[in-house]
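A quick write-up on the structure given underneath.
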Amino acid sequence: MTEETIFTKIIKHEIKSDIRYQDEDVIVFADIAPKAKIHLLIVPTKPYPTVNDIPAEEIGIVSKMFLIAQKMAKELNIDESGYRLVINCNEDGGQEVPHLHMHLLGGENLSFNFIT
Ligand code: 5GP
């Protein structure tokens, strides 16, 4: 659970990124290769590698990620137009970075876009 990833370095501000929100539990930054006009990553500061690795007693982090997604969507004024939240898990799920994260995609119609 302590593997260093690019996201760990972003959390520690060792690598530059476009940070939109940060508190002790969660950071939000813009995806470096956006798949939609708005593409943010909502990332727990604790480096759970995947969804599989969140212990039951820490599952509250998922609620917090959703609350931050709500807040970001409202701030970006896409809460009513709509957006997509995606969490990929492991290889078949298309997960590239082994540090749990939620994609927030929006700012355009994504009906025919299944790729994150
Ligand atoms: P995954 O495929 O693991 O669900 O998503 C990983 C996401 O992280 C990808 O959308 C990718 O573009 C993004 N990403 C990878 N490296 C970096 C980076 O160094 N900075 C930022 N901001 N995003 C990154």
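When a ligand or atom number is given, it counts from 1 through the structure's own listing order. Because the structure is predicted, anything quoted here is derived from the model rather than measured. Quick note: residue numbers are just sequence positions, from 1.
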N or O pair under 3.5 Å between [X] and ligand 1:
{"X": "H103", "answer": "yes"}
{"X": "F7", "answer": "no"}
{"X": "D31", "answer": "yes"}

**Report entry** Test side-chain hydrogen bond (donor to acceptor under 3.5 Å, both in side chains) applied to D25 - qualifying residues, sequence neighbours left out
**Finding:** K64

Ligand-residue contact atoms, ligand 1 with [X], heavy atoms, under 4.0 Å:
{"X": "E96", "answer": "1 (P), 2 (O), 3 (O)"}
{"X": "I10", "answer": "20 (N)"}
{"X": "A33", "answer": "12 (O)"}
{"X": "N88", "answer": "1 (P), 2 (O), 4 (O)"}

Query raised in the report: Is the shortest heavy-atom distance from the side chain of V97 to the side chain of L41 under 4.5 Å?
Result: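 They are not in contact (no side-chain heavy atoms under 4.5 Å apart), so the answer is no.
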
Requested in this report: Flag the pair E80 and K74 as a salt bridge only when some basic side-chain nitrogen lies within less than 4.0 angstrom of an acidic carboxylate oxygen.
Outcome: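 Not counted as a salt bridge, because no side-chain N and carboxylate O are separated by less than 4.0 Å.
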
Query raised in the report: Would you say the side chains of Q22 and H13 form a donor-acceptor pair under 3.5 Å?
Result: yes

Requested in this report: Check whether the side chains of E58 and Y48 place a donor and an acceptor atom closer than 3.5 Å, and report yes or no.
Outcome: yes

Query - Proximity winner for atom 6 (C) of ligand 1, if only heavy atoms of H101, M102, K35, Q95 are counted - result: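 The nearest heavy atom belongs to H101.
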
Query raised in the report: With a 4.0 Å heavy-atom cut-off (strictly under), which part of L41 contacts ligand 1: side chain, backbone, both or neither?
Result: side chain

Report task. Examine the proximity of ligand 1 to I6 and report which part, side chain or backbone, both or neither, has a heavy atom under 4.0 Å away. Result ->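 Under 4.0 Å from ligand 1, I6 contributes side-chain atoms alone.
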
Report task. Evaluate whether atom OH of Y21 has more than 12 neighbouring non-hydrogen atoms of other residues, nucleotides or ligands under 6.0 angstrom away. Result -> yes

Query raised in the report: For Y83, what residues pass the ring pair (Phe, Tyr, Trp, His ring centres under 6.0 Å) criterion, not counting sequence neighbours?
Result: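 Residues passing ring pair (Phe, Tyr, Trp, His ring centres under 6.0 Å) with Y83: none at all.
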
